[in-house]
Amino acid sequence: QVQLVESGGELVQPGGSLRLSCVVSGVTFSFFDMGWYRQAPGKERELVATIARNGGTNVVESVEGRFTISRDNAKNTGYLQMNSLKPEDTAVYYCRINSHVTMREYWGQGTQVTVSS
């Protein structure tokens, strides 16, 4: 019954911006850490950014200064704001949550981001 639903992915030109959303249901989101991952064609899934349940954040060097991860616990929703997008950002983006209490993890279905001129 736990569901993570990503949205916001679309075709965008280089230099453009997108905001991805991850709506969580079936659990209390505030109990979980959250991460955004992406997978490009022919490549392994890679971590992009994380936000802990206390609000602490980390982003990988390849997106540092361009991407911002955030959360709104009252709305059971996590976000990934993506600015100055590059063609190499093209991938399916996945939301993941994990609990340090139950040691469980859950994944969303992914949303396609395509950066192309």
Nearest-0.5 Å distance that lies between atom [atom1] in [X] and atom [atom2] in [Y]:
| X | Y | atom1 | atom2 | answer |
| --- | --- | --- | --- | --- |
| L4 | S25 | CG | OG | 7.5 Å |
| K75 | F29 | NZ | CZ | 13.0 Å |
| R71 | N76 | CZ | CG | 9.0 Å |
| N58 | I51 | CG | CD1 | 10.0 Å |
| Q81 | R66 | CD | CZ | 12.0 Å |
| F31 | I97 | CZ | CD1 | 12.0 Å |

| request: Applying side chain to side chain contact (heavy atoms under 4.5 Å, CB included), run through R53 and V101 and close with a yes or a no. | output: CA-CA 12 Å; R53 59 181 179 175; V101 177; 4.0 Å; yes
Non-hydrogen atoms of [X] and [Y] that approach each other most closely:
| X | Y | value |
| --- | --- | --- |
| W36 | G78 | CZ2-O, 4.1 Å |
| L20 | G8 | CD2-C, 3.6 Å |
| P14 | S117 | CD-N, 3.7 Å |
| T111 | G9 | OG1-N, 3.1 Å |

Are [Y] and [X] linked, directly or through intermediate hydrophobic residues, by side-chain heavy-atom contacts shorter than 4.5 Å (ILVMFWY only)?
| X | Y | result |
| --- | --- | --- |
| L18 | I69 | yes |
| Y79 | M34 | no |
| V5 | V48 | no |
| V92 | V115 | no |
| L85 | V60 | yes |

| message | Between E105 (side chain only) and R96 (backbone N and O only), is there a donor and an acceptor less than 3.5 Å apart? | response | no
| query | Hey, what's the ring geometry for W107 with Y94, parallel, tilted or perpendicular (30° and 60° as the breaks)? | reply |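 W107 vs Y94 ring planes: perpendicular.
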| field | Full working for side chain to side chain contact (heavy atoms under 4.5 Å, CB included) between T90 and S116 | value | CA-CA 8 Å; T90 295; S116 180; 5.9 Å; no
| said: Checking Y37 against E46 for the side chain to side chain contact (heavy atoms under 4.5 Å, CB included) test, could you report, in this order, the C-alpha distance in whole Å, the side-chain angles of both residues, the deciding distance, and whether it holds? | reply: CA-CA 5 Å; Y37 296 72; E46 65 173 348; over 6 Å; no
| task | May I ask you to check whether over 12 heavy atoms, not counting those of Q39, lie within 6.0 Å of atom CD? | result | yes
| message | Please check if the number of heavy atoms outside E44 that lie under 6.0 Å from its CD is greater than 12. | response |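 No - once you tally the heavy atoms of other residues, nucleotides and ligands closer than 6.0 Å, there are 12 at most.
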| task | Using a strict cut-off of less than 4.0 Å between a Lys/Arg side-chain nitrogen and an Asp/Glu carboxylate oxygen, indicate whether R38 and D89 qualify as a salt bridge. | result |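 A salt bridge links R38 with D89.
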| Are any of the side-chain heavy atoms of T50 and V59 separated by less than 4.5 Å? | no
| message | Run the side chain to side chain contact (heavy atoms under 4.5 Å, CB included) test on M82 and S17 for me, step by step, so that the C-alpha distance in whole Å, both residues' side-chain angles and the decisive distance to 0.1 Å come before the verdict. | response | CA-CA 5 Å; M82 305 186 295; S17 297; over 6 Å; no
